[in-house]
Number of protein chains: 2
Amino acid sequence: MAEGRTDGRIERGNQTRRLVLRRTVEIASVEGLEGLSLGRLASELNLSKSGVFALFGSKEELQQATVRAAVDVFLDQVVTPARRTPPGVARVWELCRLWLAYSEQRVFPGGCFFYSVAAEFDARPGPVHDTVVGAQADWRAFVERTITEGIEAGDIAAGTDVTLLAFELIAFLELANGDSVLRDDSAVYRTATTAVLRRLHAVATDPSSLPAVP
Amino acid sequence: MAEGRTDGRIERGNQTRRLVLRRTVEIASVEGLEGLSLGRLASELNLSKSGVFALFGSKEELQQATVRAAVDVFLDQVVTPARRTPPGVARVWELCRLWLAYSEQRVFPGGCFFYSVAAEFDARPGPVHDTVVGAQADWRAFVERTITEGIEAGDIAAGTDVTLLAFELIAFLELANGDSVLRDDSAVYRTATTAVLRRLHAVATDPSSLPAVP
DNA sequence: ATGCCAAGTGAACGACCGTACGTTCCTGGG
DNA sequence: CCCAGGAACGTACGGTCGTTCACTTGGCAT
């Protein structure tokens, strides 16, 4: 094998795996990870049921791979773009803004993938549960770190309770998503934006670095 | 038939129906409404599968009946007790406190029934979706009405944005539930309590009618 | 006592599920 | 050239699903 070149056979498998996962994240955001079915996937993608099965080894492994694929999409849509804004309260706001756009634009057709899947597996033990918990914990930690950076930059009041602020912001984001999907109404994103900005204005040392509250 | 006396045969059916629903709300709060299975219910309750089926006519009707049964429990645990506190900011707080207790004490083993079920059916059309949306809308309307009563009582600042405040409070409650179930950790209820009380203190005309922020 | 009617049973159905196994096809390495 | 090995296929298996239907049982009214 030429150095560094990947085996074309394996690459073909990875490509099919990506094809499958592109569909499973969509399905799971609407119908949940238990709504995935090998037979249905196979017929939708013109593959054989046993072929799809062989790509992942088990349904549970397919579910976990689906969660990991959704994480990649989320990082791409929210976390990575937010890094382009310099640390501080502006980055915290940018993170929230990107998250709301990610939800509103239905990057996943059923709204935030993790909202659906976390509610589905929250009370069920097992590897899938653990993978979801891990993803959620990483997200929360990132929000808290971003807030902490804002404090260190002198952008956010020194005495701010990081855990509490992160809790409040995430709560606004998640309810905006849940409500808009449930009632098929995007007006709630405006309410959430107001809630987030009001909260950030209250802790920002220099409110002019933030948009006005609508 | 004696006047006002119900037919004992029908009453027997209602009793069995209640027996089934007592179990389905538990299961659905953990595994979702799609996790309900007639065969499993029958064997757990020592009934015949076709008997359970006949009681509800279809699985979909069983799911809707389960949602209605959960509404009754919720009213009993949260809404009705809150009415014992006189209208005003204290009743708003009492409502939130009761809700957090309802979630934390696991009245349903999977946490708030509606959190699980709303996430499951949010993006799926059909009668079950509509029933869930209706229940959620009633709850939100009740919170908003309770806040409005607080304003009318002079307890809450006149200019308060009712929709926004209701959104924020409900967001805190729901994330507390979601987080505590997902991570099997009840510490988040303290964070949520702080968030709720801080928000209410900010709009209360007489903060002494509220507990101190922890 | 007789007839009606709802509750509940038991067996059977067609459909779909996840999984297993042997085969075919194709590509890269010796 | 030949063959090792991964992708993908076809078929089959055991099991569970929701639903149907003919039936027994037992409380109610006449």
Side-chain angles (χ1 to χ4, degrees), chain A residues 1-24 27-28 30-67 120-121 124 126-128, chain B residues 1-24 27-28 30-67 120-121 124 126-128:
Chain A
M1 191 207 303
E3 300 80 19
R5 300 266 320 119
T6 46
D7 189 326
R9 293 169 297 184
I10 294 185
E11 183 49 30
R12 184 156 79 107
N14 288 336
Q15 209 157 333
T16 312
R17 240 178 295 265
R18 278 193 293 272
L19 175 74
V20 172
L21 292 175
R22 213 174 305 139
R23 188 82 191 91
T24 56
I27 295 177
V30 174
E31 323 221 17
L33 287 169
E34 292 293 0
L36 297 175
S37 123
L38 297 170
R40 181 181 158 190
L41 279 168
S43 69
E44 285 190 19
L45 300 172
N46 281 106
L47 298 171
S48 72
K49 199 169 89 161
S50 52
V52 177
F53 176 81
L55 281 169
F56 297 93
S58 73
K59 174 166 181 184
E60 193 172 78
E61 185 51 48
L62 170 65
Q63 292 175 324
Q64 287 184 259
T66 299
V67 176
E120 184 181 5
F121 276 83
R124 271 187 270 186
V128 180
Chain B
M1 192 207 302
E3 301 80 21
R5 301 268 321 121
T6 47
D7 189 329
R9 295 170 296 182
I10 295 185
E11 183 48 32
R12 183 155 79 108
N14 288 337
Q15 208 157 337
T16 312
R17 224 168 264 125
R18 279 194 292 271
L19 175 74
V20 172
L21 291 175
R22 213 172 307 138
R23 189 82 191 91
T24 57
I27 295 176
V30 175
E31 324 222 14
L33 286 169
E34 292 293 359
L36 297 176
S37 127
L38 297 170
R40 180 180 158 189
L41 278 168
S43 70
E44 284 190 19
L45 300 172
N46 282 106
L47 299 172
S48 71
K49 196 167 89 159
S50 52
V52 177
F53 176 84
L55 282 169
F56 296 93
S58 72
K59 175 166 181 184
E60 192 172 79
E61 185 51 48
L62 170 65
Q63 292 174 324
Q64 287 184 261
T66 299
V67 176
E120 184 181 8
F121 275 84
R124 271 187 270 185
V128 180

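So you know, we letter chains A, B, ... as the sequences are listed, proteins then strands, and number each from 1. Given the structure is predicted, the values throughout are model-derived calculations rather than measurements.
Across all their heavy atoms, B:Arg40 and B:Gly35 have their closest contact at NH1-O, 3.9 Å. Closest heavy-atom contact between B:Leu33 and B:Gln63: O-NE2, 3.0 Å.
When the side-chain nitrogen and oxygen atoms of B:Arg40 are compared with OP1 and OP2 of D:dC17, none of them lie within a distance under 4.0 Å. The phosphate of D:dC17 (OP1 or OP2) has a side-chain N or O of B:Ser37 nearer than 4.0 angstrom.
Considering CZ of B:Phe56 and CG of B:Leu41, their distance stands at 8.5 Å, rounded to 0.5 Å. Taking CZ of A:Arg12 as the start and CD1 of A:Ile10 as the end, the distance is 12.0 Å to the nearest 0.5 Å. Taken from CD in B:Glu61 to CZ in B:Phe53, the straight-line distance is 11.0 Å, to the nearest 0.5 Å.
Put simply, CG on A:Leu62 is 13 Å from P on C:dC17, counting in whole angstrom units. Here the C1' atom of nucleotide C:dT9 and the CG atom of B:Leu45 are 16 Å apart, to the nearest Å. Look at CG on B:Asp7: it is 9 Å from P on C:dA7, rounded to the nearest Å. Rounded to an integer number of Å, the gap from B:Leu41 CG to D:dT19 C1' is 15 Å. One atom, CG of A:Leu47, and another, P of D:dA7, lie 13 Å apart when rounded to the nearest Å. Atom CD1 of A:Ile10 and atom C1' of C:dC26 are 14 Å apart (whole Å). One interatomic measurement links the two molecules: CD of B:Glu61 to C1' of D:dG18, which rounds to 15 Å at whole-angstrom precision. Rounded to an integer number of Å, the gap from B:Arg18 CZ to C:dA7 C1' is 15 Å.
At least one donor-acceptor pair under 3.5 Å links the side chain of A:Arg17 to the backbone N or O of A:Leu55.
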(message) Assess the residue pair A:Glu31 and A:Glu120 against the criterion (side-chain contact (heavy atoms from CB on, under 4.5 Å)); give the C-alpha distance rounded to whole Å, side-chain angles, the decisive distance to 0.1 Å, and a yes or no.
(response) CA-CA 10 Å; A:Glu31 323 221 17; A:Glu120 184 181 5; over 6 Å; no
(request) For the pair B:Glu34 and A:Glu34, evaluate side-chain contact (heavy atoms from CB on, under 4.5 Å) and give the outcome as yes or no after the intermediate values. (result) CA-CA 9 Å; B:Glu34 292 293 359; A:Glu34 292 293 0; over 6 Å; no
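In the interface, the side chain of A:Lys49 is paired with the base of C:dG18 through a donor and an acceptor atom under 3.5 Å apart.
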Residues 45-52 of chain B side chain polar contacts: donor-acceptor under 3.5 Å, at least two apart:
| unit_1 | atom_1 | unit_2 | atom_2 | d |
| --- | --- | --- | --- | --- |
| B:Ser48 | OG | B:Gly51 | N | 3.0 |

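Only B:Ser50, B:Phe53, B:Ser58, B:Lys59, listed by number, bring a heavy atom of residues 50-60 of chain B to less than 4.0 angstrom from any atom of DNA chain D.
Closest to the side chain of B:Leu38, out of D:dC28, D:dG18, D:dG6, is D:dG18.
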Please produce a list of atom pairs where a protein N or O lies less than 3.5 Å from an N or O of nucleotides 2-5 of chain C.
| unit_1 | atom_1 | unit_2 | atom_2 | d |
| --- | --- | --- | --- | --- |
| C:dC5 | O2 | B:Arg9 | NH1 | 2.9 |

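Closest-nucleotide positions on DNA chain D for B:Arg12 and B:Leu36 were compared, and the one nearer the 5' end corresponds to B:Leu36.
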